[in-house]
Amino acid sequence: MIRLDLGDGLSVSIEDGGEKPFQYTISLHGGHVISYQTSADVRKPAGRVGVRNMVCRHVTDRSKANVEEQIQKEASKQASAIETICK
C-alpha cells in the first residue's frame with residue numbers, strides 16, 4: 001500500500017484493485033471516507049482529476065486546485081512505488 005499525504009489529515013492510499021489496476025482509499029484524520037477501483041493512474045492527468053473529484057465530492061472543505069496540486073506532488077514522489085502496483 002502506498003499513502004499520499006495531502007495535508008490537514010487528508011490522505012489517499014493506493015493498492016492493487018484486483019478487478020481493476022488500482023484501488024484508491026480516501027481517508028480523513030485516519031477515518032475511512034471512500035474506496036473505489038479504477039484503471040486511471042494517479043500519475044497521469046485523468047487519474048489525478050478522478051482522485052481530486054472524489055476527494056472534493058466527499059470532503060467538502062477542500063479546493064480542487066489545492067487538492068490536485070498536492071496529489072501531483074505526492075504522486076511524483078511515489079512514482080516508482082506506484083509503478084510496482086500497475087504491473
Side-chain angles (χ1 to χ4, degrees):
M1 177 174 59
I2 299 157
R3 186 172 169 268
L4 307 180
D5 181 8
L6 305 183
D8 296 325
L10 182 63
S11 66
V12 176
S13 299
I14 307 168
E15 299 178 83
D16 181 321
E19 291 181 25
K20 302 228 176 163
F22 300 97
Q23 176 170 306
Y24 297 110
T25 300
I26 299 166
S27 301
L28 184 60
H29 301 295
H32 179 269
V33 174
I34 190 165
S35 295
Y36 69 100
Q37 291 186 13
T38 181
S39 57
D41 185 333
V42 73
R43 296 171 297 168
K44 298 182 180 177
R48 280 193 305 275
V49 168
V51 172
R52 178 203 71 193
N53 288 345
M54 291 302 282
V55 167
C56 291
R57 183 176 302 141
H58 295 280
V59 182
T60 58
D61 65 338
R62 306 299 166 121
S63 125
K64 283 186 176 185
N66 289 341
V67 169
E68 189 167 355
E69 181 181 324
Q70 284 300 110
I71 291 168
Q72 185 170 4
K73 185 170 102 176
E74 291 295 313
S76 68
K77 287 182 191 176
Q78 300 280 352
S80 61
I82 295 168
E83 180 70 28
T84 64
I85 290 175
C86 60
K87 288 187 176 185

Practice task
Report the C-alpha distance between Ile26 and Leu10 in whole Å, list the side-chain angles of each, state the deciding distance to 0.1 Å, and finish with yes or no for side-chain contact (heavy atoms from CB on, under 4.5 Å).
Solution key: CA-CA 7 Å; Ile26 299 166; Leu10 182 63; 4.0 Å; yes
Problem - Considering all heavy atoms, the nearest Lys20-Gln37 contact - result: N-OE1, 3.5 Å
Handout entry: Nearest-0.5 Å distance, CD1 of residue Ile34 to CG of residue Leu28
Key = 13.5 Å
Listed pairs under 3.5 Å, donor-acceptor, residues 44-60 side chains, sequence neighbours left out:
| from | atom 1 | to | atom 2 | distance (Å) |
| --- | --- | --- | --- | --- |
| Arg48 | NH1 | Arg43 | O | 2.9 |
| Arg52 | NH1 | Glu68 | OE1 | 2.8 |
| Asn53 | ND2 | Val49 | O | 3.4 |

Exercise for the section: Starting at CZ of Arg3, measure out to OG1 of Thr25 and round the result to the nearest 0.5 Å. Expected result: 12.0 Å
Handout entry: Reported OG-to-CD distance for the pair Ser76 and Gln78, which is rounded to 0.5 angstrom
Key = 9.0 Å
Exercise for the section: Output the distance between atom CD (Glu15) and atom CZ (Phe22), rounded to the nearest 0.5 Å. Expected result: 12.5 Å
Exercise for the section: Any chance you could measure Leu6, atom CG, to Ser11, atom OG, to the nearest 0.5 Å? Expected result: 7.0 Å
Practice task
Would you check if Asp8 and Gln70 make a side-chain contact, meaning some heavy-atom pair closer than 4.5 Å?
Solution key: no
Exercise for the section: Would you indicate whether the side-chain heavy atoms of Tyr24 and Val42 approach each other to under 4.5 Å? Expected result: yes
Practice task
Please say which of Ile82, Ile14, Ile85 ends up in a side-chain contact (heavy atoms from CB on, under 4.5 Å) with Asp41.
Solution key: Ile82
Problem - Given Lys73, Lys77, Glu74, the one that forms side-chain contact (heavy atoms from CB on, under 4.5 Å) with Leu4 - result: Glu74
